[in-house]
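Reminder, nothing fancy here: chain letters follow the sequence lines and each chain counts from 1.
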Amino acid sequence: VAFGSGRQATGHLTSDEAVVEQARGGDRAAFEELVRRHADRLYAVLLRYTGDAEEAEEATQEAFLRAWRRIEGFEGRSQFFTWLYRIGINEAKRRAERRPGGGRVAAADEGHIERVADERAGPRQQAEQAELREVLEKAILDLPESYRLPLVLRDIEGLSTSEATEVMELKEAAFKSRLHRARMIVRQAVDRYLAGGESDSGSKGS
Amino acid sequence: MIASLRALLAALPSLQVCPGWGDPVADRTAEAVMRRIEAEEGSRGEH
């Protein structure tokens with residue numbers, strides 16, 4: 001599986017730019033094609049961002065609806081998907097602020113995060129991989145939001161630095177500083193776990 | 001075991017969520033979004 005292939009629109013006969021141009025002219029079928037190309041990856045980013053599957057799906061739908069309403073004004077100065085991700089993240093932020101307790105993202109709804117076992121690994125290795133994933137997932141969800149997003153976009157979703165800075169509307173230096181900090185925090189959490197076999201309940205608030 | 005930051009970073013992409021595997025998010029999203037667009041534009045046309 002080529003991750004991010006929808007994002008880059010490789011494997012599609014028509015480039016995103018051409019389909020966007022059609023959608024800008026009011027072609028609904030073209031816009032539907034853009035939704036089908038980008039919905040999965042936008043949902044994945046918002047799921048990591050919100051930690052809640054239902055919330056992520058609703059924010060994904062709302063983001064596309066907003067994108068449709070504004071697409072005439074999209075001038076192609078950025079790539080379609082970075083523009084779309086920005087709309088989606090702003091939508092998820094707005095929704096989080098409206099929720100009781102405002103702004104704090106929910107804990108991970110881990111049942112909705114698909115776990116893919118490496119079938120080449122033996123049972124013991126698979127168990128170790130699963131444990132490592134769990135530690136990493138928790139460390140990432142415990143990150144402050146401003147650190148979590150750079151790490152999700154760059155290290156999990158595989159965006160380039162310039163794409164991720166465009167999504168976050170940050171200067172490269174600020175983005176890199178947050179990314180570095182995020183990586184360090186995650187690494188420390190993993191190190192603590194490996195050093196002491198720390199339980200899940202003991203690693204918050206550090 | 002994660003011995004270095006490089007190894008940690010190498011492990012991160014494996015956390016990528018793949019909703020297409022068993023959860024048709026793209027289809028569901030496309031259907032819901034296009035339904036809402038049609039409803040919005042339909043009601044705009046009536047006015």
So, do B/Ile37 and A/Glu32 sit near enough that their side-chain heavy atoms are less than 4.5 Å apart?
-> no
Taking all non-hydrogen atoms of both residues, which atom of B/Leu12 and which atom of A/Leu136 are closest, and how far apart?
-> CD2-CD2, 4.1 Å
Would you say the side chain of B/Arg36 lies within less than 4.5 Å of the side chain of A/Glu62, judging by non-hydrogen atoms?
-> yes
Largest heavy-atom contact set with chain B, pairs under 4.5 Å, which of A/Val186, A/Leu42, A/Thr60, A/Asp155 = A/Asp155
Rounded to the nearest 0.5 Å, how far does OG1 of B/Thr29 lie from CZ of A/Phe64?
-> 7.0 Å
Work out which heavy atom in B/Arg28 is nearest to a heavy atom in A/Gln61; give both atom names and the distance.
-> O-NE2, 4.5 Å
Okay, side chain of A/Asp40, backbone of B/Ala26: is any donor-acceptor separation there less than 3.5 Å?
-> yes
Taking only residues two or more places apart in sequence or in another chain, which ones pass side chain to side chain donor-acceptor pair (under 3.5 Å) with A/Trp68?
-> B/Glu41
Partner set under side chain to side chain donor-acceptor pair (under 3.5 Å) for A/Asp27, not counting sequence neighbours | none
Spacing of A/Glu134 atom CD and B/Leu15 atom CG [to the nearest 0.5 Å] | 11.5 Å
Between the CG atom in B/Leu9 and the CG atom in A/Leu151, the distance rounded to the nearest 0.5 Å is 8.0 Å
So CE of B/Met34 and CG of A/Leu65: to nearest 0.5 Å the spacing works out to 9.5 Å
